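All values derive from a computational prediction rather than experimental measurement.
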Amino acid sequence: MRKNGIMQKLLCGLVLCAALLGSSAAGALLPYPARLMKVSAAEPVMLWDETESLREKRTSSSSWQEYVSISETSIVLSVGEKRELFMIGNRKLPVSWRSKRSRIAGVSEDGVVEGISAGTTEVIAETGGREYRCTVRVEAPALSKTRLESTAGSNFQLRVNGTKRKILWKSSDTSVVKVSSAGKLAFLRPGTAEISASVGSTKLVCRVTVFNTMAGAVVSGCLEGLTKTEARIAERAHEIYAETISDDMTLVEKILAIHDYTVEHTEYAYAEYQNGTLSDMPCAFSPEGVLLKQRAVCQGYAETMELFLDALGAENRLIYGLGVNGGEKISHVWNLVKLDGSWYHIDATWDDPVVDGKDSGRVYYDYFLMDDAAMKKDHIWQKKDYPAAKGGEYKDYGYRQLAEEYRAEGRYLENLEDYADEIAARCAAGEWDCELMFSGQELPETDAMLRRVAALVPGKGIKAYFRYVRCGNYMILTTEIVAEEGRKS
């Protein structure tokens, strides 16, 4: 009896200590809420006793289930893509899986979800008498192109439709074609490559074949696949392209730059035309004459423009017709180009006129981006065979840009009445030969200018020489002042 009495006291003391330590300590000792029991020598020793309600709560409430969850409550899959779901904290109880709309997404008995068709559904996991749900959105991503054939030097925007997820792009051969993080392709040289777009675990593939062309070589500088002559022409054209064209230029600015280069660096083969020896100079009829020999006829000018327009990606056509010069009709070739939905004529040959059998040495824009109405004054062509050039905002663009250059250099007269003052001021500064541009087709009155300039050189007579060029709606006037003895003051 003494031994049992001591044991009872020790046990009761242990329970009492746990109660006195507080809820946290008691909780550490007692896994469930309990009530203290009166202990006597005649009764079995019990440390705690669950009430009926607590026992029921233990078996049916969320005391452990409140910690159970599904691994993901929302996922996005592509058609054919799989993702495994699983339960967390369910004490290895059996799990039953099902899909609310199995035609959109299926689920295996192990919780592996597979996208079937585009749409949204729910996957439901049942365990421990409860259901746990995951929203599943299935996408059907597809490439805008699965096969591409293009030319070196060109670009193409590849897209993935049917997804909002992040896309990872990759090229199997970056020496043939590069792809940006946004799917823009740059074709570099002849060859084949695969462009892959990964959406999640889904991989989409576009097979690319790159060919080389003259226009492509102008941009890329790649000469593979070209003949020896083509390679020489393309190599020189690529150098010109790199020197003349910059990424910050607009398309019309690039076309203007190529037009100017062609006119400035080419001399019309007038002597050969006059003496009938053009047959001995076949390169005059192609870009070879312009780019390698700097001598050509209209077809050489036009085909050179065509080559660069193709390189710029501008839609264009060659026009074969007649040019009317002094009443004589001669075979002629020039270009049509499309800008912002409108067609325009370009005749680089006639913007490089021959004066007294020699190249004029000046770039003109009388035939740059002109409409049909302007061209038909001295050009004849079968209009039914070509798109109508109605013109638009770029008509007279070349001369308008030239006027801006003169303004920037302080050589544009806004008011023709200021001509005398302007020339006098320039002569006073030592500039006795000056070129000015102004709007209109009338020449200024020169007497007042001569009197003003004569006052600058007392005791000497002066002579003035004038040269003028009509430039569309503008005039360029060169004034040269010479002292009496024939030398410039």
Side-chain angles (χ1 to χ4, degrees), residues 154 214-215 218-219 237 240-241 244-246 248-266 268 287 290 296-325 330-353 360 362-405 439 441 469-474:
S154 60
M214 289 283 286
V218 171
V219 179
I240 295 167
Y241 188 92
T244 308
I245 303 301
S246 62
D248 60 347
M249 296 169 71
T250 64
L251 179 57
V252 68
E253 289 173 338
K254 293 175 182 179
I255 294 173
L256 177 65
I258 293 302
H259 168 274
D260 289 357
Y261 182 92
T262 301
V263 173
E264 288 174 353
H265 294 83
T266 309
Y268 189 83
V290 173
V297 293
C298 61
Q299 188 165 338
Y301 281 80
E303 289 190 5
T304 301
M305 288 297 300
E306 178 189 37
L307 175 61
F308 282 110
L309 289 172
D310 286 342
L312 293 173
E315 187 176 353
N316 69 95
R317 297 275 301 274
L318 281 177
I319 291 188
Y320 296 88
L322 299 172
V324 182
N325 186 11
I330 54 176
S331 297
H332 193 45
V333 187
W334 66 99
N335 305 89
L336 272 176
V337 64
K338 193 175 186 180
L339 281 170
D340 293 344
S342 298
W343 286 92
Y344 299 84
H345 294 264
I346 299 178
D347 189 344
T349 308
W350 282 26
D351 276 342
D352 189 17
S360 67
R362 181 185 291 275
V363 178
Y364 289 80
Y365 302 103
D366 293 342
Y367 301 94
F368 182 75
L369 300 182
M370 304 306 290
D371 57 22
D372 286 346
M375 293 295 288
K376 70 180 183 180
K377 296 175 183 178
D378 45 24
H379 288 65
I380 300 173
W381 68 99
Q382 291 293 328
K383 295 179 177 58
K384 64 181 179 62
D385 295 336
Y386 302 95
K390 298 179 180 179
E393 63 176 302
Y394 297 115
K395 184 181 178 182
D396 208 29
Y397 179 84
Y399 283 131
R400 284 189 278 124
Q401 291 300 109
L402 185 63
E404 289 304 313
E405 293 178 13
S439 178
Q441 298 293 305
V469 177
R470 299 187 188 278
C471 302
N473 296 322
Y474 301 89

Considering all heavy atoms of both residues, which atom of Ala237 and which atom of Leu307 are nearest to each other, and what is their separation? CB-CD2, 4.3 Å

Taking all atoms of both residues into account, what is the closest heavy-atom pair of Met305 and Ile346, and its distance? CE-CG2, 4.2 Å

Do Val218 and Phe308 make a side-chain contact, defined as non-hydrogen atoms from C-beta onward lying under 4.5 Å apart? yes

Spacing of NZ belonging to Lys377 relative to CG belonging to Asp372, to within rounding of 0.5 Å: 12.5 Å

Against Asp396, only a single residue in Tyr474, Phe368, Tyr365 fulfils side-chain contact (heavy atoms from CB on, under 4.5 Å); can you say which? Tyr474

Tightest non-hydrogen contact, residues Val469 and Tyr364, listed as CG1-CE2, 3.3 Å

Atom pair CE (Met249) and CG (Leu256), whose distance is rounded to the nearest 0.5 Å: 7.5 Å

Determine whether Leu318 and Val333 make a side-chain contact, defined as any pair of heavy atoms from C-beta on separated by less than 4.5 Å. yes

Is it the case that the ring center of His345 lies less than 6.0 angstrom away from the ring center of Trp381? yes

So do Val324 and His332 actually touch side chain to side chain, heavy atoms under 4.5 Å? no

Passing option when His259 is tested against Asp351, Asp352, Asn335, Asp347 for side chain to side chain donor-acceptor pair (under 3.5 Å): Asp351

If you round to the nearest 0.5 Å, how far is OG1 of Thr304 from CD of Gln299? 10.0 Å

Measure across Ala348 and Val263 and return the closest heavy-atom pair with its distance rounded to 0.1 Å. O-CG2, 3.6 Å

For the pair Asn316 (side chain) and Ala314 (backbone), establish whether a donor and an acceptor sit closer than 3.5 Å, ignoring hydrogens and angles. yes

Show which side-chain atoms of residues 336-344 pair as donor or acceptor with protein atoms under 3.5 Å away, not counting sequence neighbours.
residue, atom, partner, partner atom, Å
Asp340, OD2, Tyr394, OH, 2.7
Tyr344, OH, Gly392, N, 3.2
Tyr344, OH, Glu393, N, 3.4
Tyr344, OH, Tyr394, N, 3.4

Main-chain N/O of Tyr320 paired to Tyr386 side chain as donor or acceptor, under 3.5 Å: yes

Check Lys390, Lys395, Lys376 against Asp371 for a salt bridge (Lys or Arg N to Asp or Glu O under 4.0 Å) and give me the one that passes. Lys395

Pair Trp334, Thr349 - check side-chain contact (heavy atoms from CB on, under 4.5 Å), show working. CA-CA 8 Å; Trp334 66 99; Thr349 308; over 6 Å; no

Is the closest side-chain heavy-atom distance between Tyr301 and Tyr268 below 4.5 Å? yes

First locate atom CG of Leu309, then atom CZ of Arg317, and finally report the distance between them rounded to the nearest 0.5 Å. 13.5 Å

Minimum heavy-atom distance Ala311-Ala215, with the two atoms named: CB-O, 3.7 Å

Do the non-hydrogen side-chain atoms of Leu251 and Leu312 ever get within less than 4.5 Å of each other? yes

Which distance, rounded to the nearest 0.5 Å, do you find between the CD of Glu303 and the CE of Met214? 10.0 Å

Donor-acceptor pair, side chain of Glu253 and main chain of Ile245, under 3.5 angstrom: no

Taking atom SG of Cys471 and atom CD of Gln441, what is their separation to the nearest 0.5 Å? 9.0 Å

Audit row: Ile240, Tyr261, side-chain contact (heavy atoms from CB on, under 4.5 Å) steps and yes/no: CA-CA 8 Å; Ile240 295 167; Tyr261 182 92; 3.4 Å; yes

Return the minimal non-hydrogen interatomic distance between Gly472 and Asp366, and the atom names on each side. N-OD1, 3.7 Å

Do Tyr397 and Leu402 have side chains that get closer than 4.5 Å, going by heavy atoms? no

Are more than 12 heavy atoms from other residues, nucleotides or ligands located less than 6.0 Å from atom NZ of Lys383? yes

